[in-house]
Amino acid sequence: MKNTELAFAIKENFSKQKAITSKELGLFLLNLFPDLSTNTISWKINQLKNDNLIYQSGRGLYTFDFKPEFTAEASLKTKRIYNKTKSLVSSELVVWDTEMLDLIINKENDKRTVFLLVQKEGLNDLFNQMQLFSKPTFLEPNHEIIQRYILPQSDVILLYPLISETPIQNNGDYILPTIEGVLVNAWLLSENYLKYLDYSIEEIFKNAFKKYNVNKNKLLRYAARRDQRKEIEQLIQNINND
């Protein structure tokens with residue numbers, strides 16, 4: 001059986017499912033080819049992936065709907081801030097900004113925020129040094145600080161601790177969160193900050209899952225690390241039911 005014919009058979013069998021687990025796929029192939037070993041079944045699945053006839057949407061999950069990876073790209077202004085800040089810290093520095101959210105939801109926002117994440121022990125020292133920057137910088141601002149001092153600004157820098165196991169990726173000389181990291185961080189900031197900038201967390205998640213290959217397992221692992229797994233799992237369920 002040709003790979004194209006095999007892919008058609010799989011798609012027809014799982015036509016009512018958005019995703020197929022590796023176990024389901026393996027059992028289906030074993031039913032078609034009972035004499036094949038487990039290693040050969042895995043090889044056939046890899047062939048389908050390499051031929052772009054099936055796509056991996058997460059750990060042990062497959063789909064027929066191709067979605068590109070989210071290529072996080074820091075803006076030129078954000079890169080300048082990163083470069084200026086990098087020399088002030090000895091530990092890992094991660095950056096993201098609201099322009100990444102704009103890319104996900106296909107909208108432009110007049111206000112812009114750069115988020116810098118560093119290890120907790122270096123936060124206060126970095127914050128003190130960044131007071132010499134021309135852009136207003138705030139350290140883990142609470143609701144009152146956000147309402148009184150940050151929202152009137154059009155361009156700010158916010159500092160937060162870098163949590164271990166944050167999903168990150170290297171983009172040239174810059175370390176950025178993956179889309180899973182961006183989504184969880186956006187969720188954490190949504191109620192206290194982003195909603196006042198006219199960002200809908202439901203729209204962000206819905207568009208992200210619609211447009212890009214989001215690794216749900218990775219997202220939920222990081223959500224659990226931030227004690228938000230239950231809440232984010234419910235949000236994903238809600239947007240899938242819309």
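In what follows, every heavy atom counts, from backbone to side chain, and hydrogens, waters and symmetry copies are set aside. Being a predicted model, the structure only gives us computed values, none of them experimental.
- Residue Lys216 qualifies as open at atom NZ: its count of foreign heavy atoms under 6.0 Å is 12 or below.
- Under the ring-ring contact (aromatic ring centres under 6.0 Å, His included) criterion, Tyr62 pairs with no residue, sequence neighbours left out.
- Residues Val214 and Ala208 share a closest heavy-atom pair of CG2-O, 3.5 Å.
- Applying the ring-ring contact (aromatic ring centres under 6.0 Å, His included) criterion to Tyr160, with sequence neighbours excluded, gives no partner residue.
- Remark: the Arg225 side chain and the Ser164 side chain contain an N/O donor-acceptor pair separated by less than 3.5 Å.
- Here side-chain hydrogen bond (donor to acceptor under 3.5 Å, both in side chains) pairs that include residues 83-92, with residues two or more places apart or in two chains, are Asn83-Tyr174.
- Under the ring pair (Phe, Tyr, Trp, His ring centres under 6.0 Å) criterion, the residue pairs touching residues 99-119 are Trp96-Phe115, with sequence neighbours excluded.
- Evaluation of the side chain to side chain donor-acceptor pair (under 3.5 Å) rule for Lys107 yields Glu203 as partners, not counting sequence neighbours.
- Residues Val95 and Ile81 are not in side-chain contact: their nearest non-hydrogen atoms beyond the backbone lie 4.5 Å or more apart.
- The heavy-atom pair separating Asn213 from Ile179 by the smallest distance is O-CG2, 4.3 Å.
- More than 12 heavy atoms of other shown residues, nucleotides or ligands fall within 6.0 angstrom of atom CD in Glu5.
- Contact of the Leu220 side chain with the Ile232 side chain is registered, since non-hydrogen atoms from C-beta on lie closer than 4.5 Å.
- Side-chain contact check for Leu123 versus Val118: some heavy-atom pair is nearer than 4.5 Å.
- Of the inter-residue distances, the one linking Ile54 atom CD1 with Asn3 atom CG reads 11.0 Å to the nearest 0.5 angstrom.
- Note that CD1 of Ile157 is 11.5 Å distant from CD1 of Ile150, once rounded to the nearest 0.5 Å.
- To the nearest 0.5 Å, atom CZ of residue Arg226 and atom OH of residue Tyr222 are 4.0 Å apart.
- Across every non-hydrogen atom of Pro177 and Val182, the tightest pair is CG-CG2, 3.8 Å.
- Applying the 6.0 Å contact sphere to CG of Asp198 captures no more than 12 heavy atoms from other residues, nucleotides or ligands.
- Panel note: side chain Glu12, backbone Ala9; no donor-acceptor pair is recorded below 3.5 Å.
- A heavy-atom distance below 4.5 Å is not found between the side chains of Val184 and Gln228.
- For CD of Gln17, the number of neighbouring non-hydrogen atoms (other residues, nucleotides, ligands) closer than 6.0 Å is greater than 12.
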For this session: Could you please spell out the steps behind the side-chain hydrogen bond (donor to acceptor under 3.5 Å, both in side chains) verdict for Asp51 and Gln47?
Result: CA-CA 6 Å; Asp51 290 344; Gln47 271 197 324; 5.9 Å; no
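- Across Ile146 and Tyr193, no two heavy atoms sit closer than the pair CG2-CD1, 3.6 Å.
- Atom CG of Asn46 sits about 12.0 Å away from atom CD1 of Ile41, to the nearest 0.5 Å.
- Judged purely by distance below 3.5 Å, without hydrogens or angles, the side chains of Asp102 and Asn109 never pair a donor atom with an acceptor atom.
- Listed by first and then second residue, the side-chain hydrogen bond (donor to acceptor under 3.5 Å, both in side chains) pairs that reach into residues 115-129 are Asp125-Gln129, sequence neighbours excluded.
- Leu61 and Leu219 fall into different hydrophobic clusters, where Ile, Leu, Val, Met, Phe, Trp and Tyr residues are linked whenever their side-chain heavy atoms come under 4.5 Å apart, directly or through other members.
- Criterion: ILVMFWY side-chain heavy atoms under 4.5 Å apart, direct or through other members. Under it, Leu48 and Leu32 are part of a common hydrophobic cluster.
- Looking only at side-chain heavy atoms (C-beta outward), Glu99 and Leu103 stay at 4.5 Å or farther from each other.
- The ring-ring contact (aromatic ring centres under 6.0 Å, His included) search around Phe8 returns none, not counting sequence neighbours.
- With respect to Glu73 and Lys79, a salt bridge is recorded, a charged nitrogen being found less than 4.0 Å from a carboxylate O.
- For the pair Leu29 and Ile10, the minimum side-chain heavy-atom distance is below 4.5 Å.
- Taking Tyr212 as the reference, Phe70 meet the ring-ring contact (aromatic ring centres under 6.0 Å, His included) condition, with sequence neighbours excluded.
- Closest approach of Gly60 and Gln56 over heavy atoms only: N-NE2, 3.8 Å.
- Applying the side-chain contact (heavy atoms from CB on, under 4.5 Å) criterion to Arg221, with sequence neighbours excluded, gives Arg59, Asn217, Lys218.
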Report, one line per pair, each donor and acceptor closer than 3.5 Å where one atom sits in a side chain of residues 135-143; sequence neighbours left out.
| from | atom 1 | to | atom 2 | distance (Å) |
| --- | --- | --- | --- | --- |
| Lys135 | NZ | Asp155 | OD2 | 3.1 |
| Thr137 | OG1 | Lys135 | O | 3.3 |
| Asn142 | OD1 | Glu144 | N | 3.2 |
| Asn142 | OD1 | Ile145 | N | 2.8 |
| His143 | ND1 | Asn192 | OD1 | 2.9 |

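- Trp187 and Glu231 get closest at one heavy-atom pair: CZ2-CB, 3.4 Å.
- For the pair Asn13/Ile20, no side-chain contact is recorded, criterion being any heavy-atom separation below 4.5 Å from C-beta on.
- Listed by first and then second residue, the ring pair (Phe, Tyr, Trp, His ring centres under 6.0 Å) pairs that reach into residues 15-45 are Phe14-Phe28, sequence neighbours excluded.
- Residues passing the salt bridge (Lys or Arg N to Asp or Glu O under 4.0 Å) test with Glu202, sequence neighbours excluded: none.
- Summarising the local packing, OH of Tyr149 is surrounded by 12 or fewer heavy atoms from other residues, nucleotides or ligands at distances under 6.0 Å.
- Rounding to the nearest 0.5 Å places OH of Tyr82 at 14.0 Å from OG of Ser75.
- In this structure, OG1 on Thr166 lies 11.5 Å from CD1 on Ile175, to the nearest 0.5 angstrom.
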